[in-house]
Amino acid sequence: MVVSRFAPSPTGYLHLGNARTAIFAYLFARHHRGKFILRIEDTDRERSTKEFEEMLLEDLKWLGLEWDEFYRQSERFDIYREYAQKLLDNGHAYPCFCTVEELEKEREEAEKKGIPYRYSGKCRLLSKEEVEAFKREGKPFTIRFKVPDGRVVVFEDLIKGAISIKVDDFGDFVIVRSDGSPTYNFVVVIDDALMGVTHVIRGEDHIPNTPKQILIYEALGFQVPKFAHLPVILGEDRSKLSKRHGAVSVRNYREEGYFPEALFNYLCLLGWSPPNTEREIFSKEELIELFRLEDVNSSPAVFSKEKLRWLNGVYIREVLSLDRLVEEFMPFLEREGLSAEKDYVRKVLEKTRDSFETLKEGVERLKVFFVEEVSYSQEAISLLENENSRRVLELFLHKLQERDNLSGQVVKELAKEIQKELNLKAKDVWHTLRASLTGELEGVGVDIICDVMPKEKVIKRIVRALGRF
RNA sequence: GCCCCCAUCGUCUAGCCCGGUCCAGGACACCGCCCUUUCAAGGCGGAGAUCGCGGGUUCGAAUCCCGCUGGGGGUGCCA
């Protein structure tokens, strides 16, 4: 059975790059009817927090990723200790008593000479007696993995193809810190092996780690899984997407009123495209069906907020159900201090869903439907102060009284009559109505407003405008 | 510095494995027109890539080979 996993460390909000990695790993597992594991990599006690972990889970769920198994590395230290001991016993690892200061000095010297730094491996040479003596003294030590000399590790990456790395490029590396906590390169192997992970799908920044990990797999007699390294996501300036590029966490987009389906869909299109089709809109189920690692691009992609926006708009106007739209719109309305009956919101959105691309933008655009009193822009004021405007509004009110109810159809008829009777351009009539009704010179169609808003409310706004100008 | 990865319109990409149908297709953004009471949305059309550069191989190369350049990533008792 295929088993993939997503293994984030809880040191911040879910980053877009990580989200895409999670999505690909998830899609791959589901496509093969396999298992998808979520593993929290919190071995670094300094930077990991419970709060971030909760956010992470929340964001993942929001995106629509369900996992079959869940682990937390901080709860598995006993297991890691056991395997560290195993490596010590079978001679693949050794205690190292070098201090951080000593290592720092070595590194500086290497740099000064312009030669690439790697740990000298001098603690490899310590005799049993020396080790015992140091331990009795209570001298702190790390455990290092013994990297075999001259070895070239070759592996077939499912996305990049054959990759070979000379192991001499890095020295013996630490697998257990002096405080007893295990390091990433070590635990990742233990966990993936024990959890039966068959496909390690992760960012390409892990390529340099892979040979180290393969060495550990071998030293422990574990079967080496398949690897797939995804290209990174870049910002507009072509450097790795990071905080200084602005909104880069899933949470940011959620708060701006993006839909998880749209973000999911967009992220899939970054570095992957489905075979034999020019479609771009896909449901999660379709993506599961279509996704193949072979079709993932091997070059990095620049994140485009513009295109995400567009895609979100497509979801709002074409893909999502009206009910869903209403459901998600409500909290955004409330966040702006506005409120309305669900049915009313439904009526509004039914007619206007094709005119905005994020929920936040939607609330802004549709405010006029929900506020008690509109505020007038400078342009609207100068228009309403015009004598013609007064005549239009008065005539409109007068005619409105003769009608039982108001609608888009009715307002069109009335506008036409007014235009004729006052000998004005259609434009002028409409502009005046809009200004009095919305306080702005642009926005949602006046006919739509009259279709949706109660007649009394329309009258009230016009009366108020008339009274003010 | 050293190691690894990558390279098609501004951006995401199709095509590359199995060379001719590609004087390179689609999408976002951009420009114009139409629709129209405005802004969007929508419809139609346009511009935009000598396939990073230079050498080969071949009757023929975006597609195969070599070199160069550029970009990205890594180089921790972070993950």
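Here the structure is a predicted model, which is why all the values come from computation and not from measurement. Below, chain A is the first sequence line, B the second, and so on; all start at residue 1.
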Asks: Can you give one letter per nucleotide of nucleotides 66-74 of chain B, going 5' to 3': B for a protein heavy atom under 4.0 Å from the base, S for sugar-phosphate only, - for none?
Replies: ------SSS
Asks: Between A/Tyr71 and A/Asp191, does a side chain to side chain contact (heavy atoms under 4.5 Å, CB included) hold up when you go through it step by step?
Replies: CA-CA 9 Å; A/Tyr71 301 94; A/Asp191 282 341; over 6 Å; no
Asks: Can you identify which nucleotide, out of B/C4, B/A79, B/C77, has its nearest atom closest to the A/Ile165 side chain?
Replies: B/C4
Asks: Counting the atoms with a prime plus P, OP1 and OP2 as sugar-phosphate, which does A/Ser48 contact under 4.0 Å by heavy atoms, base, sugar-phosphate, or nothing?
Replies: nothing
Asks: Can A/Lys212 be said to sit on top of A/Phe173's aromatic six-ring, NZ or CZ under 6.0 Å from centre and within 45° of the ring axis?
Replies: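 Cation-pi check for A/Lys212 and A/Phe173: passes.
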Asks: Using the side-chain heavy atoms of A/Pro116, tell me which of these nucleotides is nearest: B/C28, B/U11, B/G1.
Replies: B/G1
Asks: Which nucleotide in the list B/C4, B/C77, B/G25 gets nearest to the side chain of A/Glu278?
Replies: B/G25
Asks: Is A/Thr183 close enough to B/C77 that one of its side-chain N or O atoms is under 4.0 Å from OP1 or OP2 there?
Replies: no
Asks: Look at A/Lys166 together with A/Asp169 and state whether they make a salt bridge at an N to O cut-off of under 4.0 Å.
Replies: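 No.
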Asks: Using a heavy-atom cut-off of under 4.0 Å over every strand shown, decide if A/Thr11 touches base, sugar-phosphate, or nothing.
Replies: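 No contact.
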Asks: Indicate, with a heavy-atom threshold strictly under 4.0 Å, whether A/Ser273 touches base, sugar-phosphate, or nothing.
Replies: sugar-phosphate
Asks: I'd like to check the salt bridge (charged side-chain N to carboxylate O under 4.0 Å, His left out) partners of A/Arg238; sequence neighbours left out, ordered by chain and number.
Replies: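 Salt bridge (charged side-chain N to carboxylate O under 4.0 Å, His left out) list for A/Arg238, sorted by chain: empty.
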Asks: Both A/Ala7 and A/Phe303 contact RNA chain B. Taking the nearest nucleotide for each, which residue is further toward the 5' end?
Replies: A/Phe303
Asks: Using a 4.0 Å cut-off on heavy atoms, which residues in residues 434-453 of chain A reach RNA chain B? List them by number, or say none.
Replies: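 A/Arg434, A/Leu441, A/Glu442, A/Gly443, A/Val444, A/Gly445, A/Val446, A/Asp447, in order of number.
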Asks: At less than 4.0 Å, is any side-chain N or O atom of A/Asn297 found next to OP1 or OP2 of B/A7? Yes or no.
Replies: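 For B/A7, OP1/OP2 do not have a side-chain N/O of A/Asn297 under 4.0 Å.
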Asks: Taking only the C1' atom of each, what is the distance from B/G45 to B/A7 in whole angstrom?
Replies: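 Those two atoms are separated by 33 Å.
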Asks: For A/Cys96, answer base if it contacts any base atom (sugar-phosphate contacts may also be present), sugar-phosphate if it contacts only those atoms, and nothing otherwise; contact means non-hydrogen atoms under 4.0 Å.
Replies: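 Touches nothing.
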Asks: Distances for protein N/O vs nucleotides 61-65 of chain B N/O pairs under 3.5 angstrom?
Replies:
none

Asks: With a 4.0 Å cut-off on N to O distance, would you call A/Arg244 and A/Asp237 a salt bridge?
Replies: yes
Asks: Nearest of B/U37, B/A40, B/A79 to any side-chain atom of A/Tyr184?
Replies: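 The nucleotide sitting nearest to the side chain is B/A79.
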Asks: Taking the same atom, C1', in B/G10 and in B/G52, what whole-Å distance lies between them?
Replies: 16 Å
Asks: Taking the ring centre of each residue, are A/Phe97 and A/Phe134 less than 6.0 Å apart?
Replies: yes
Asks: Take atom P in B/G25 and the same atom in B/G71, then report the distance between them in whole Å.
Replies: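 These two P atoms come out 30 Å apart once rounded.
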Asks: Now, which nucleotide makes the Watson-Crick or G-U wobble pair with B/C30, with each of the two distances under 3.5 Å?
Replies: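 Paired with B/C30, as far as the under-3.5 Å criterion goes, is B/G46.
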Asks: Between A/Tyr184 and A/His206, does the ring centroid distance fall short of 6.0 Å?
Replies: yes
Asks: When you measure from the side chain of A/Asn252 to the backbone N and O of A/Ser249, does any donor-acceptor pair fall under 3.5 Å?
Replies: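 Checking the backbone N and O of A/Ser249 against the side chain of A/Asn252, a donor-acceptor pair under 3.5 Å is found.
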Asks: I need a per-nucleotide contact map over nucleotides 42-52 of chain B, read 5' to 3'. Cutoff is protein heavy atoms under 4.0 Å; write B for the base, S for backbone only, - otherwise.
Replies: S----------
Asks: Under 3.5 Å, is there a donor on one side chain and an acceptor on the other for A/Ser377 and A/Glu379?
Replies: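 A pair is found: one side chain offers a donor N or O, the other an acceptor, under 3.5 Å apart.
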Asks: Look at all strands and tell whether A/Ser355 reaches a base, only sugar-phosphate, or nothing, counting heavy atoms closer than 4.0 Å.
Replies: base
Asks: If you check every side-chain atom of A/Val302, which of B/A79, B/U38, B/U11 has the closest atom?
Replies: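 Output: B/U11.
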Asks: Just to confirm, is there a sub-4.0 Å distance from OP1 or OP2 of B/C5 to any side-chain nitrogen or oxygen of A/Ser299?
Replies: no
Asks: Just checking A/Gly271: base, sugar-phosphate only, or nothing, at a heavy-atom cut-off of under 4.0 Å?
Replies: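 Here A/Gly271 touches the backbone only, sparing every base.
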Asks: For residues 433-444 of chain A, run the donor-acceptor check on the side chains, cut-off 3.5 Å, and write out each pair with its distance to 0.1 Å, sequence neighbours left out.
Replies:
residue  : atom : partner  : partner atom : Å
A/Arg434 : NH2  : A/Val444 : O            : 3.0
A/Ser436 : OG   : A/Thr432 : O            : 3.4
A/Ser436 : OG   : A/Leu433 : O            : 2.9
A/Thr438 : OG1  : A/Arg434 : O            : 2.9
A/Thr438 : OG1  : A/Glu440 : N            : 3.0
A/Thr438 : OG1  : A/Glu440 : O            : 3.2

Asks: Can you find an N or O donor on one side and an acceptor on the other, under 3.5 Å apart, linking the side chain of A/Ser178 with the base of B/C77?
Replies: yes
Asks: By nearest heavy atom, map A/Tyr266 and A/Asn185 onto RNA chain B; which one lands nearer the 5' end?
Replies: A/Tyr266
Asks: If I take atom CZ from residue A/Phe227 and atom CG from residue A/Leu293, how far apart are they, to the nearest 0.5 angstrom?
Replies: 13.5 Å
Asks: Quick one, A/Leu311 and A/Ile281 - any side-chain contact, counting heavy atoms below 4.5 Å?
Replies: yes
Asks: Mind checking A/Ala426 for me? I need base, sugar-phosphate or nothing, with any heavy atom below 4.0 Å counting as a touch.
Replies: nothing
Asks: Of the nucleotides B/U13, B/C3, B/U11, which has the atom closest to the A/Asp169 side chain?
Replies: B/C3
Asks: Taking the P atom of each, how far is B/C33 from B/A41, in whole Å?
Replies: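 The answer is 16 Å between these two P atoms.
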Asks: Nearest of B/C12, B/U38, B/C3 to any side-chain atom of A/Leu270?
Replies: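 Per side-chain heavy atoms of A/Leu270, the pick is B/C12.
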Asks: Please measure how far the C1' atom in B/G43 lies from the corresponding atom in B/G20, and state the result in whole Å.
Replies: 37 Å
Asks: With C1' as the reference atom in both, quote the distance from B/C12 to B/U75 in angstrom, rounded to an integer.
Replies: 31 Å
Asks: Please work out if A/Arg365 contacts a base, only the sugar-phosphate, or nothing of the nucleic acid, heavy-atom cut-off 4.0 Å.
Replies: base
Asks: Write down the distance separating the P atoms in B/U11 and B/U36, rounded off to the nearest Å.
Replies: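 The answer is 38 Å between these two P atoms.
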Asks: Just say parallel, tilted or perpendicular for the rings of A/Tyr253 and A/Phe303, cut-offs at 30° and 60°.
Replies: perpendicular
Asks: Parallel, tilted or perpendicular: which describes the rings of A/Phe70 and A/Trp67, with under 30° parallel and over 60° perpendicular?
Replies: tilted
Asks: If we take the C1' atom in both B/C9 and B/U50, what is their distance in whole Å?
Replies: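 Looking at atom C1' only, B/C9 and B/U50 are 13 Å apart.
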